[in-house]
Amino acid sequence: MNHIKLLPLCGLILMAGACSSSKESDESAQVDYTSYVDTRIGSGGHGHVVVGASVPFGMVQLGPTSIPQSWDWCSGYHDSDSTIIGFSHTHLEGTGIGDLFDVTVMPVVGEVTYARGEESDPASGLWSYGLRSQEVTVPGYYSIPLERYGILAEMTATPRVGLHRYTFPASEESAIVFDLQNGGCWDKATETMIEAEGDNRLVGYRNSTGWAKNQRVYFVAEFSKPFKSFERHGEGDMYGRVNFTTDSAEQILVKVAISPVSIEGAKANLAAEMPEFDFEGTREAAHNAWNSELGKVKITTDNEDARKKFYTALYHTMIVPATFSDVDGQYRGADDKVYSDTTCTKYTIFSLWDTYRAQMPLMGILQPERNTDMINTMLDIYDQQGRLPVWHLWANETDCMIGNPGIIAVADAIVKNTPGVDRERAYKALLATAADTARGGAIRAEYGFIPSDKMIESIAFDMEYAIADGAIAQAAKAMGDTATERRFTERSHSWRNYFDKQTGFVRGRMADGSFRTPFDPNSTTHRADDYCEGNAWQYTWLVPQDLDGLVELFGGNEATLAQLDKLFTTDATLTGDDQSPDITGLIGQYAHGNEPSHHIIYFYPMLCEQDKAADRINQVLVEFYTTNPDGLAGNEDAGQMSAWYILSSLGFYQVEPASGKYWFGVPAFEEATIAVPGGSFTIKAEGLSPENKYVREATLNGKKLDRNYLTHDEILAGGTLVFTMGK
């Protein structure tokens with residue numbers, strides 16, 4: 001973007017600095033980065049994070065599932081509740097809708113009722129309280145005593161296999177129950193099968209409907225000890241029980257491999273990833289996998305809370321997207337057909353309306369190979385369903401949320417020339433998806449915008465479509481297609497139809513050109529007004545692709561900055577019936593708890609007010625990210641909330657989708673080093689202190705910058721960025 005009046009580096013004074021690089025010392029190589037992670041952060045409030053055992057981006061997230069099936073239990077776990085119906089192999093990370101929780105395993109002693117149960121009646125199901133005072137939850141490992149049965153439950157995982165270890169009391173009625181009935185919240189089993197193969201193996205599958213309308217999970221389970229007998233119980237024989245006689249403190253291990261394709265696929269996954277019952281070895285491998293990924297960013301700070309928040313946030317960015325292909329390359333496509341591709345790993349759980357903003361750009365820096373596979377998975381989805389994904393979950397297009405966020409992620413890959421991505425194929429997918437007439441596309445094509453009397457959430461849909469159009473324009477520019485660049489640049493301005501110069505807000509506009517009345521910028525009605533999980537205050541600024549246009553409509557930089565200041569200082573009161581629970585983390589009407597606000601602070605440096613950005617970024621880093629269970633301002637949203645923290649604390653953020661630009665904010669640490677394809681990229685904040693919290697000088701590899709942003713290529717090439725901090 002070329003903003004009128006935007007000066008080089010907006011007045012920052014520059015000085016030359018030295019380029020530095022160093023080899024990792026033996027001491028730093030031995031750092032246990034997992035010890036800085038607190039997996040309980042975000043498990044309270046509305047964070048909805050997964051608590052359990054997994055490896056980075058694994059298919060399996062093995063952890064406890066509680067009785068409640070309401071909003072704050074979307075991940076199956078909440079800090080306020082210690083009920084456990086069993087340990088499920090799939091969970092969702094930080095979402096606002098609940099699904100999955102497939103193949104739930106519960107160790108028991110004695111007779112039980114085969115049902116989810118109610119907390120008001122201890123005998124109503126096979127559930128138990130977990131003894132939270134003795135709970136252990138660290139990356140790659142989870143354990144908790146089950147009070148009802150006197151059993152210690154432990155678990156760890158590989159990408160496609162969960163490993164359970166249950167320490168039983170002495171009993172002739174010990175058992176392990178497989179529950180195929182109970183999923184998460186909106187999920188309901190439609191067809192299940194479970195049967196024994198010999199005396200130490202179970203196989204089966206669980207088909208279900210919910211958020212994902214046609215979800216298929218196949219499994220195989222092997223036991224370290226032969227079972228005495230196998231029984232089916234419950235409604236539709238959805239429970240399988242294997243019985244044992246156990247001595248005091250006897251341990252029984254269970255390996256459970258899952259597959260989206262077939263039982264044979266699950267068996268192949270088990271054979272490849274866990275041929276032996278080696279709990280400690282598997283736990284160590286999971287720990288090492290997490291430590292390796294977390295160690296890709298090394299920070300220098302004396303602030304222990306900040307270190308804990310940083311590495312916990314980094315951990316949360318690597319739960320999903322989740323692996324979705326078997327070890328032999330087979331996976332289930334968006335058309336419910338089985339495909340095979342041994343060239344790359346396929347992924348699922350694409351919360352793209354959230355993650356296109358920060359989590360996907362972060363993947364492009366820290367996980368370039370996985371990012372390539374994720375983009376190629378999106379292109380496969382395009383081939384199979386005729387358009388890029390919106391919110392893809394276990395081979396299902398949920399069409400959850402608004403706009404065309406898959407376009408933005410793929411356009412970003414084209415602009416950044418992501419290795420391993422066929423740009424021509426990707427470009428074709430962009431244009432075809434942009435031409436889709438569903439979800440308001442036909443209405444927008446007819447009117448040039450989406451009139452508010454034609455569709456609910458008209459402003460939100462149109463403004464997100466406009467962002468996607470801006471991303472296509474950037475991709476067209478990168479491809480040398482100037483005609484398409486011009487066309488989609490013009491389409492990216494459709495949001496301007498909603499701007500009311502009298503009030504200074506975007507507001508509902510009808511097909512006849514009139515504005516919706518009455519108008520209250522503080523009003524919100526959840527998923528039933530012109531916006532989506534927001535109000536006029538937040539959506540007026542949802543133009544990362546067209547800040548120039550907003551400046552023009554406001555009447556210049558000065559007037560725009562005055563309105564931007566007002567966003568953060570106005571009354572935080574929300575009005576309206578059924579107010580959206582997602583509008584949280586308020587500073588005035590800036591809502592950090594939800595994604596439409598995430599870029600807004602970075603308009604300050606784009607408008608030459610770097611210091612104001614520093615103040616607000618520091619406020620958010622301190623106030624809306626804490627080390628408490630209720631430590632997030634809103635849903636984690638598949639890593640987006642945490643990715644904002646990671647990028648912002650490093651000192652930069654990608655505002656304009658598919659631009660390849662990371663605008664400077666303010667660094668939170670004295671030094672940070674990122675592992676990149678070019679070696680390492682180091683960010684130094686010289687003189688950083690509570691008083692010296694503003695960027696005063698900046699150099700890249702010892703050379704002066706004439707701009708206040710970095711490019712993606714500069715980061716990946718490696719080098720040193722030096723910020724000199726001052727008052």
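Count residues from 1 along the sequence. Atom set for the values below is all heavy atoms of this structure, side chains included, hydrogens, waters and symmetry mates excluded.
- Shown are Thr104, Asp179, Ile144; of these, the side chain to side chain contact (heavy atoms under 4.5 Å, CB included) with Phe87 is made only by Ile144.
- The 12-atom threshold is exceeded at CD of Glu623, counting heavy atoms of other residues, nucleotides or ligands nearer than 6.0 Å.
- Counting heavy atoms of neighbouring residues, nucleotides and ligands inside a 6.0 Å radius, atom CD of Glu231 exceeds 12 of them.
- Residues Lys309 and Asp305 are not paired through a salt bridge, judged by the lack of any N-O separation under 4.0 Å between the basic side chain and the carboxylate.
- Between Glu250 and Lys225 there is a salt bridge, since a side-chain N of the basic residue sits under 4.0 Å from a carboxylate O of the acidic one.
- For the residue pair Asn214/Asn396, the side-chain donor-acceptor check at 3.5 Å is not satisfied.
- In the model, Thr34 has no side-chain atom that pairs as donor or acceptor with a side-chain atom of Asn291 under 3.5 Å.
- Only one option out of Glu273, Glu276, Glu222 pairs with Lys255 in a salt bridge (charged side-chain N to carboxylate O under 4.0 Å, His left out); it is Glu222.
- Checking His78 against Ser66 by side-chain atom types alone, no donor-acceptor pair falls below 3.5 Å.
- Counting only residues at least two apart or in different chains, salt bridge (Lys or Arg N to Asp or Glu O under 4.0 Å) contacts with residues 88-107 comprise Asp102-Arg206.
- In the model, Thr83 has a side-chain atom that pairs as donor or acceptor with a side-chain atom of Asp81 under 3.5 Å.
- Side-chain contact of Ser351 with Asp637: a donor-acceptor pair under 3.5 Å is absent, judged by distance alone.
- Annotation for Ser642 and His316: closest pair OG-CB, 3.5 Å, computed over non-hydrogen atoms.
- Using the six-membered ring where Trp is involved, Trp71 and His46 have ring planes that are tilted, between 30° and 60° apart.
- The pair Lys346-Asp341 counts as a salt bridge, with a side-chain nitrogen and a carboxylate oxygen less than 4.0 angstrom apart.
- Heavy atoms of other residues, nucleotides or ligands lying less than 6.0 angstrom from NZ of Lys188 number 12 at most.
- Side-chain contact, Tyr33 with Glu293: no donor N or O sits under 3.5 Å from an acceptor N or O.
- Thr65 places no side-chain N or O within 3.5 Å of a backbone atom of Ile85 that could act as its donor or acceptor partner.
- Close placement of the His164 and His89 rings is indicated, their centers lying within 6.0 Å of each other.
- Below 30°, between 30° and 60°, or above 60°: for Tyr218 and Tyr205 the angle between ring planes is between 30° and 60°, a tilted geometry.
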Given the rule in the side chain to side chain donor-acceptor pair (under 3.5 Å) test, do Glu235 and Gln181 qualify, once you have shown the distances and angles that lead to the verdict?
CA-CA 8 Å; Glu235 179 184 342; Gln181 180 178 47; 3.1 Å; yes
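- Remark: Met360 CE to Asn371 CG distance equals 5.0 Å, nearest 0.5 Å.
- Aromatic ring centroids of Phe324 and Tyr331 lie 6.0 Å or more apart.
- No more than 12 heavy atoms of other residues, nucleotides or ligands lie within 6.0 Å of CD in Glu172, so this atom counts as exposed by the packing criterion.
- Below 30°, between 30° and 60°, or above 60°: for Tyr142 and Tyr77 the angle between ring planes is above 60°, a perpendicular geometry.
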